Amino acid sequence: VVAEERPDLEEAKNQLIISNAKMKQEIKEIEDKILHRLSASEGSPVDDISLIDTLEISKVKAEEIKAKVLIAEQTERDIDETRSRYLPVAVRTQILFFCVVDLAMVDPMYQYSLEWYIKIFLAGIANAETSDDLSERITNINEFFTFSLYVNVCRSVFEKDKLLFSFLLCVRILMNEKAIDMGDWRFLIAGGMHPDKLIDNPGDGWLSDRSWVELQSLNLLTCMSGITDTFKDHLVGFRAYFDSPEPHRADLPGKWGTQLSLFQKLLFLKCVRPDKFTNAMQDFIAKNLGEQFIEPQTADLSLVYKDSSPTTPLIFVLSVGTDPAADLYAFAEEMKFSKKLTAISLGQGQGPRAEAMMRSAMERADGSSSRTAILLPPGCPPLNSLWRTLTKIRFTETSDCG
């Protein structure tokens, strides 16, 4: 972070490390030289004028170096203090990285490289709004990078998983701020412990037995302790909450309306009205991260193209009823690249032709489009070999290949 934001500090830090090492080495050499002269001296050391002069010179030199070392160490501490102020950016970056990594547990196809992540992070630092106030600058970087990462990930996940990713980002950020208890989080994703003793359902006729059992499990959480005991006292209020067309926006009766956090209210909703939990997730994300994190993120080819490179191709994952070919050809026409764009529909025996097309595109700075590409083990070695060759080629900044 500091290397991008304050390269002067990073350079000064590195120079001080080298300078301190050299000065400490000089002190060691002076000490060794004195010991050597003392051991090699014949007769009384006080009669050796040359030795005495050497000791005096060495003493002065050593004191000068020690003074410089003290100054350098203080300067290094000052630099480290300034660098530590960027720690919130490093913490946020770490949190978001593991959110991305965890997506692989949702779908094995969701795999992202560290190189890709760092590229987005550096772009976030470069494009975030500048400010002379460091605290404001750090906030700008964190907010810009968080949304930039969200947009980039949304390009590569299925529609059904976008809200889940947004919710994960929100929860992890709040966890780092100690706004969400780990026990509450475990209840949400795995459910609670079964109560040792079940009590009768006071809402018989409108509240299902399953919901009542879950509420008794919820009662075991510290934040929810006593909710089943007060349920009868506020039965009318809870019934109104249950019957509400928008229970995720309705107030809970009694102290529960003000005592619980937004996340803890999600836990109650999950027990009694799970059909509205998705709506509650959207409101929760909008409240904590912003409306933009629940808005549809359309794939704009012009924006996606800017994030590509000669060694970072665009890959479209097709689903039933969708075909991005028309959009791709339209974009090629817009970029005045349609005459250089070649396409092939892969099938049996088309592998060598596709490889030849890619080699030709590499040589002539053209574009190639392979459709219906299914990567099977027999085709992977040639593709890997071709890719290694491609990544070794040096492209000039004026290259127009895509």
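Every value quoted in this text rests on a predicted model; they were computed, and no experiment measured them. Residue indices begin at 1 and follow the sequence shown.
- In this structure, CG in L267 is found 10.0 Å from CD1 in I227, a value given to the nearest 0.5 Å.
- With a 4.5 Å cut-off on side-chain heavy atoms, Y112 and V101 do not count as touching.
- In this structure the side chain of F293 reaches within 4.5 angstrom of the side chain of T146, judged on heavy atoms.
- For the atom pair CG of N127 and CG of L122, the computed distance is 10.5 Å after rounding to the nearest 0.5 Å.
- In this structure the side chain of L207 reaches within 4.5 angstrom of the side chain of L215, judged on heavy atoms.
- Test F187, Y241, F231 against F268 for ring-ring contact (aromatic ring centres under 6.0 Å, His included) and you get one pass: Y241.
- A salt bridge is defined here as a Lys NZ or Arg NE, NH1 or NH2 lying under 4.0 Å from an Asp or Glu carboxylate O, and E63 with K66 fails to meet this definition.
- There is no side-chain donor-acceptor pair under 3.5 Å between N140 and R137.
- Note: Y150 and F165 have parallel aromatic rings, judged against thresholds of 30 and 60 degrees for the angle between ring planes.
- Side-chain atoms of L134 and Y86, non-hydrogen and from C-beta on, do get closer than 4.5 Å to each other.
- M182 has its side chain within reach of M175: a pair of non-hydrogen atoms, C-beta onward, lies under 4.5 Å apart.
- The backbone N or O of F145 sits nowhere less than 3.5 Å from a side-chain atom of S148 that would complete a donor-acceptor pair.
- Residues satisfying the side-chain hydrogen bond (donor to acceptor under 3.5 Å, both in side chains) test with Y117, not counting sequence neighbours, are none.
- Atom OG of S211 and atom CG of N201 lie 8.5 Å apart (nearest 0.5 Å).
- Residues K265 and G257 share a closest heavy-atom pair of NZ-O, 3.0 Å.
- Between the side chain of R273 and the backbone N or O of S244, at least one donor-acceptor pair lies under 3.5 Å.
- Taking CG of L169 as the start and CG of L174 as the end, the distance is 11.0 Å to the nearest 0.5 Å.
- To the nearest 0.5 Å, atoms CG (L252) and OG1 (T258) are separated by 10.0 Å.
- By the 4.0 Å N-to-carboxylate-O rule, R210 lies close enough to E214 to be salt-bridged with it.
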Ignoring hydrogens and angles, write down the donor-acceptor pairs under 3.5 Å from the side chains of residues 278-290, residues two or more places apart or on other chains.
| residue | atom | partner | partner atom | Å |
| --- | --- | --- | --- | --- |
| D283 | OD1 | R249 | NH2 | 3.2 |
| D283 | OD2 | R249 | NE | 2.8 |
| N288 | ND2 | F284 | O | 2.8 |

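- Here the side chains of F263 and D181 are not in contact, with every heavy-atom distance at 4.5 Å or above.
- Between W185 and F167, the angle of the ring planes lies from 30° to 60°, which puts this pair in the tilted group.
- In this structure, L96 and R172 have side chains that are not in contact, with every pair of non-hydrogen atoms separated by 4.5 Å or more.
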